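The block underneath contains the structure these notes are about, expressed in C-alpha cells.
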Amino acid sequence: MLKALVLYFSVYGTAKKAAEEIAKQTDADLMEIEPAVPYDSNRDHYNALARFAKKETDSNARPEIKNHIPVEDYDTIFIGYPMWWYTFPMIIYTLFEQYDFSGKTIIPFNTHMGSGDGGTYETIRKLAPKAKILKGLPVEMQEAENGAEKNVRKWLDRLAI
Ligand SMILES: Cc1cc2nc3c(=O)[nH]c(=O)nc-3n(C[C@H](O)[C@H](O)[C@H](O)COP(=O)(O)O)c2cc1C
C-alpha cells in the first residue's frame with residue numbers, strides 16, 4: 001500500500017487516539033482537521049459543547065477548517081470523527097465540500113457512546129460519490145481511550161489494504 005493519510009477531527013482526544021493507533025499500525029501519516037474556531041475541550045463543560053454542537057447541526061453550519069488538508073497527495077485516506085448528535089460534526093461536511101475525494105479510497109472510523117457510526121458511513125458515500133468507501137470502524141469511547149489496539153488490528157486485517 002502507498003502511504004496513507006489518517007485524518008481526524010477530535011475534541012476530547014478519543015478519535016485522536018484511535019487515529020494514532022491506525023497510523024501506527026499502517027505506518028500512515030497523521031493529520032488533524034483543525035477548526036478555525038476551537039471547540040471547548042474541557043469535559044466539565046460537556047453541556048455547553050453539546051448545546052453548541054446542536055446549534056451547528058440544526059443550522060446546517062459549515063465550521064471553517066484552519067489548516068490545508070493535502071488530499072491530493074494521498075490515494076487512501078482514513079477519516080475519523082466523534083459522533084455528535086447522531087451524526088458527524090458539521091466540520092466533516094466542510095471537509096467534503098472543500099476537498100475533492102474523487103478517485104480516492106476513503107476508510108471511515110469514528111468514536112461514539114452507543115450510536116455506532118449512526119449511518120455516517122452511508123452519508124460519506126453520498127458526499128463523495130466518486131470515492132471508494134471501505135468498511136469503517138466504530139470505536140466506543142472507552143475502548144478508544146484504551147487505544148483500541150486489538151479491534152483496529154482485526155479491522156485492518158479484514159480490510160486487507
Ligand atoms: C456534542 C456531543 C454530542 C454527542 N452525541 C453523541 C451521539 O449522538 N451518539 C453517541 O454515541 N455519542 C455522542 N457523543 C459522545 C462522543 O461521540 C464521544 O464522547 C466521542 O468519543 C468523543 O470523541 P473525541 O474524544 O474525539 O472528541 C457526543 C459528544 C458530544 C461532545
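Computed from a predicted model, the values in this text were never measured in an experiment.
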Return all side-chain donor-acceptor pairs below 3.5 angstrom for residues 128-137, not counting sequence neighbours, or 'none' if the list is empty.
none

Report the residues that fulfil ring-ring contact (aromatic ring centres under 6.0 Å, His included) with Phe96, sequence neighbours left out, ordered by chain and then residue number.
Phe101

Can you list the residues that meet the ring-ring contact (aromatic ring centres under 6.0 Å, His included) rule with Phe109, with sequence neighbours excluded?
none

When the ring centroid of Tyr81 is compared with that of Phe9, is the distance short of 6.0 Å?
no

Ring centroid separation for Phe52 and Trp84, is it under 6.0 angstrom?
no

Out of curiosity, does [Y] fall in the hydrophobic cluster containing [X] (side-chain heavy atoms, cut-off under 4.5 Å, transitive links)?
X	Y	answer
Tyr8	Ile79	no
Met90	Tyr121	yes
Ile77	Leu30	no
Met113	Phe88	yes
Leu7	Leu156	no

If you count the non-hydrogen atoms of other residues, nucleotides and ligands that lie under 6.0 Å from CZ in Arg158, is the total more than 12?
no

Looking at Lys16, I'd like to know if its NZ atom is crowded, meaning that more than 12 non-hydrogen atoms belonging to other residues, nucleotides or ligands lie closer than 6.0 Å.
no

Spacing of [atom1] belonging to [X] relative to [atom2] belonging to [Y], to within rounding of 0.5 Å:
X	Y	atom1	atom2	answer
Asn110	Ile124	CG	CD1	8.5 Å
Arg62	Glu64	CZ	CD	14.0 Å
Lys66	Ile33	NZ	CD1	13.5 Å

Between [X] and [Y], what is the shortest heavy-atom contact and its length?
X	Y	value
Ala28	Val6	CB-CG2, 3.8 Å
Pro89	Pro82	CD-O, 3.0 Å
Ala36	Pro38	O-CD, 3.6 Å
Pro138	Asp117	CB-N, 4.0 Å

With a 4.0 Å cut-off on N to O distance, would you call Asp58 and Lys54 a salt bridge?
yes

Residues Glu122 and Lys126 bridged, charged N to O under 4.0 Å
no

Using side chain to side chain contact (heavy atoms under 4.5 Å, CB included) as the criterion, list what pairs up with Arg43, not counting sequence neighbours.
Tyr12, Thr14, Met141, Glu145

ILVMFWY cluster membership beyond Tyr86 - transitive side-chain contacts under 4.5 angstrom
Trp85

State, without any angle test, whether Asp29 and Tyr74 hold a side-chain donor-acceptor pair at a distance under 3.5 Å.
yes

Looking at [Y], is its backbone amide N or carbonyl O close enough to the side chain of [X] to form a donor-acceptor pair, meaning the two atoms are under 3.5 Å apart?
X	Y	answer
Ser115	His112	no
Thr87	Met83	no
Glu32	Glu34	no
Thr94	Pro63	yes

One pair to check against side-chain contact (heavy atoms from CB on, under 4.5 Å): Glu143 and Asn151. What are the steps and the verdict?
CA-CA 9 Å; Glu143 193 201 340; Asn151 267 353; 2.8 Å; yes

Determine, step by step, whether Tyr46 and Arg51 satisfy the side-chain contact (heavy atoms from CB on, under 4.5 Å) criterion, reporting the C-alpha distance in whole Å, the side-chain angles of both residues, the deciding distance to 0.1 Å, and the verdict.
CA-CA 9 Å; Tyr46 171 82; Arg51 269 196 306 274; over 6 Å; no

Within-4.5 Å side-chain heavy-atom neighbours: [X] and [Y]:
X	Y	answer
Asp100	Val71	no
Tyr99	His68	yes
Met31	Asn67	yes
Ile22	Trp155	yes
Thr76	Ile107	yes

Passes side-chain contact (heavy atoms from CB on, under 4.5 Å), Asp75 versus Thr105? Steps please.
CA-CA 6 Å; Asp75 290 329; Thr105 297; 6.0 Å; no

Apply salt bridge (charged side-chain N to carboxylate O under 4.0 Å, His left out) to Glu21 and Lys17, showing your working.
CA-CA 6 Å; Glu21 184 61 33; Lys17 277 211 163 167; over 6 Å; no

Val11 vs Asp40, side-chain contact (heavy atoms from CB on, under 4.5 Å): CA-CA, chis, key distance, verdict:
CA-CA 7 Å; Val11 170; Asp40 188 346; over 6 Å; no

All salt bridge (charged side-chain N to carboxylate O under 4.0 Å, His left out) counterparts of Asp27, not counting sequence neighbours
Lys3

Using side chain to side chain donor-acceptor pair (under 3.5 Å), reason through Tyr93 and Glu56 one step at a time and then give a plain yes or no.
CA-CA 11 Å; Tyr93 280 100; Glu56 284 192 341; over 6 Å; no

